[in-house]
S.K.: 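I have a structure here, written as structure tokens, and I will follow up with some questions on it.
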Amino acid sequence: MLSREFYERPTLDVARDLLGKVFVRRIDNISLKGRIVEVEAYIGEDDPACHARFGQTNRNRVMYGRGGVAYIYFIYGMYDMLNYVTEPEGNAAAVLIRGIEPVEGIETMMQLRNCDNIANLTNGPGKICQAFSLDTSHSGTDLTGGEMLVTEGDDSGFEIATSSRIGIKNGTDRQWRFYIKGNAFVSRL
DNA sequence: GTCCTGATGTGCT
DNA sequence: GCACATCAGGACA
């Protein structure tokens with residue numbers, strides 16, 4: 001599995017390097033696995049789209065902690081979003097997981113999402129949290145522990161595309177979204 | 001396929 | 001009060 005050192009690096013490097021890696025979540029004796037195909041970086045109090053732009057709050061507290069921890073927040077009164085905290089303690093930064101290609105536990109994911117179309121299962125940040133049964137109670141979970149982790153995957157043989165981040169109004173000048181070119185589970189073009 | 005709307009918790013400018 | 005790192009469903013075409 002990926003170590004603390006992997007996450008406690010500059011966020012843009014972590015974001016790009018996460019593409020092709022495999023997210024694993026264990027629920028009882030079921031494993032849910034998926035390959036990360038789309039991410040976005042949110043970096044520090046100076047990033048006008050980052051939750052840390054107003055300083056530390058209850059909601060964003062774990063972003064200020066050590067890297068290699070899940071930051072999950074609730075938005076639009078309805079959806080949860082999965083992020084991985086990056087950089088050493090004190091630097092508020094994280095990578096949003098926006099697109100995942102299902103690998104294992106697909107039947108369970110479909111039940112959790114009440115969805116019978118694989119193409120629509122995990123191609124978006126809200127969908128990913130439903131498919132992997134994640135909510136804010138999992139925020140702060142260590143990704144180098146056992147319940148949730150990220151492993152090496154097939155992270156060669158694809159091209160990385162870059163764009164502005166999705167769904168934000170400020171900070172669109174920063175090209176901090178990265179995705180695997182041509183992958184079907186990227187949330188949008 | 002496109003466009004529009006409603007769902008509604010959290011933190012704020 | 002209002003914006004917000006979203007999504008599903010309906011009205012079209």
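Keep in mind it's a predicted model, so treat the numbers as computed, not measured. In what follows, every chain begins at residue 1, and chains take the letters A, B, ... in the order their sequences are listed.
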S.K.: Once you round it to whole Å, what is the distance between C1' of B:dG9 and CG of A:N60?
M.R.: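 The distance from CG of A:N60 to C1' of B:dG9 comes to 15 Å, rounded to the nearest Å.
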
S.K.: Using a 4.0 Å heavy-atom cut-off across all strands, classify A:L96 as base, sugar-phosphate, or nothing.
M.R.: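 Base: the residue A:L96, judged by heavy atoms under 4.0 Å, touches a nucleobase.
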
S.K.: Can you check the A:N114 CG to C:dA8 C1' distance for me, whole Å?
M.R.: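 Spelled out: CG on A:N114 to C1' on C:dA8 is 12 Å.
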
S.K.: So does A:R4 have more than 12 non-hydrogen atoms from other groups sitting under 6.0 Å from CZ?
M.R.: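 Yes, CZ of A:R4 has more than 12 neighbouring heavy atoms, counting only those of other groups under 6.0 Å.
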
S.K.: Can you identify which nucleotide, out of B:dC12, C:dT6, B:dG9, has its nearest atom closest to the A:F74 side chain?
M.R.: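 Among B:dC12, C:dT6, B:dG9, the one nearest the side chain of A:F74 is B:dG9.
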
S.K.: As a test of understanding, state which of A:V69, A:I36, A:V14 forms a side-chain contact (heavy atoms from CB on, under 4.5 Å) with A:Y84.
M.R.: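 Option passing the side-chain contact (heavy atoms from CB on, under 4.5 Å) with A:Y84: A:I36.
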
S.K.: What's the closest nucleotide to the A:P125 side chain, out of C:dC4, C:dC7, C:dA5?
M.R.: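 Of the options given, the side chain of A:P125 lies nearest C:dC7.
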
S.K.: Looking at the side chain of A:R59, which of B:dC12, B:dT10, C:dA5 is the nearest nucleotide?
M.R.: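 Selected nucleotide: B:dT10.
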
S.K.: With heavy atoms under 4.0 Å as the rule, sort A:R113 into base, sugar-phosphate or nothing.
M.R.: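 The residue A:R113 makes sugar-phosphate contact but no base contact.
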
S.K.: Is C:dC7 paired to anything, Watson-Crick or G-U wobble with both distances less than 3.5 Å, and if yes, which nucleotide?
M.R.: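 Per the H-bond distance test, B:dG6.
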
S.K.: Rounded to whole angstroms, how far apart are CG on A:N170 and P on C:dC4?
M.R.: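 Value for this atom pair: 7 Å.
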
S.K.: Where do A:L149 and A:L143 land on the side chain to side chain contact (heavy atoms under 4.5 Å, CB included) test, with the steps shown first?
M.R.: CA-CA 4 Å; A:L149 53 94; A:L143 293 165; 5.6 Å; no

S.K.: Atom CZ of A:R165 and atom P of C:dA5: how far apart are they, to the nearest Å?
M.R.: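 It works out to 9 Å between those atoms.
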
S.K.: When all nucleic acid strands are considered with a 4.0 Å heavy-atom cut-off, which category describes A:M78: base, sugar-phosphate, or nothing?
M.R.: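 Base, at least one base heavy atom under 4.0 Å.
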
S.K.: Should we say atom CZ of A:R61 is surrounded by more than 12 heavy atoms from elsewhere, each under 6.0 Å from it?
M.R.: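 Not buried by this count: 12 neighbours or fewer within 6.0 Å.
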
S.K.: Name the closest nucleotide to the A:K169 side chain, picking from C:dT6, C:dC4, C:dA5.
M.R.: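 Selected nucleotide (nearest to the side chain): C:dC4.
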
S.K.: Using only heavy-atom distances, determine whether the side chains of A:S164 and A:Q175 contain a donor-acceptor pair under 3.5 Å.
M.R.: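 Absent: no donor and acceptor within the cut-off.
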
S.K.: Is the aromatic ring of A:Y76 within stacking range of B:dG9, meaning centres under 5.5 angstrom and planes under 30 degrees?
M.R.: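 Ring-base stacking flag not set for A:Y76 and B:dG9.
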
S.K.: On DNA chain C, check which nucleotide each of A:I166 and A:N120 is closest to and give me the residue with the more 5' one.
M.R.: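 Upstream on the strand: A:I166.
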
S.K.: Please give, in whole Å, the distance from C:dA5 C1' to A:N123 CG?
M.R.: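 The distance from CG of A:N123 to C1' of C:dA5 comes to 16 Å, rounded to the nearest Å.
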
S.K.: Taking atom P of C:dC4 as reference, at what distance in whole Å does atom CZ of A:F54 sit?
M.R.: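 Taking atom P of C:dC4 as the reference, CZ of A:F54 is at 9 Å.
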
S.K.: Can you check the distance between C:dC2 and B:dG6, where both ends of the measurement are the P atom (answer in whole Å)?
M.R.: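 Here C:dC2 and B:dG6 have their P atoms 15 Å from each other.
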
S.K.: Between C:dT6 atom C1' and A:I128 atom CD1, what is the distance in whole Å?
M.R.: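 The answer, rounded to whole Å, is 12 Å.
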
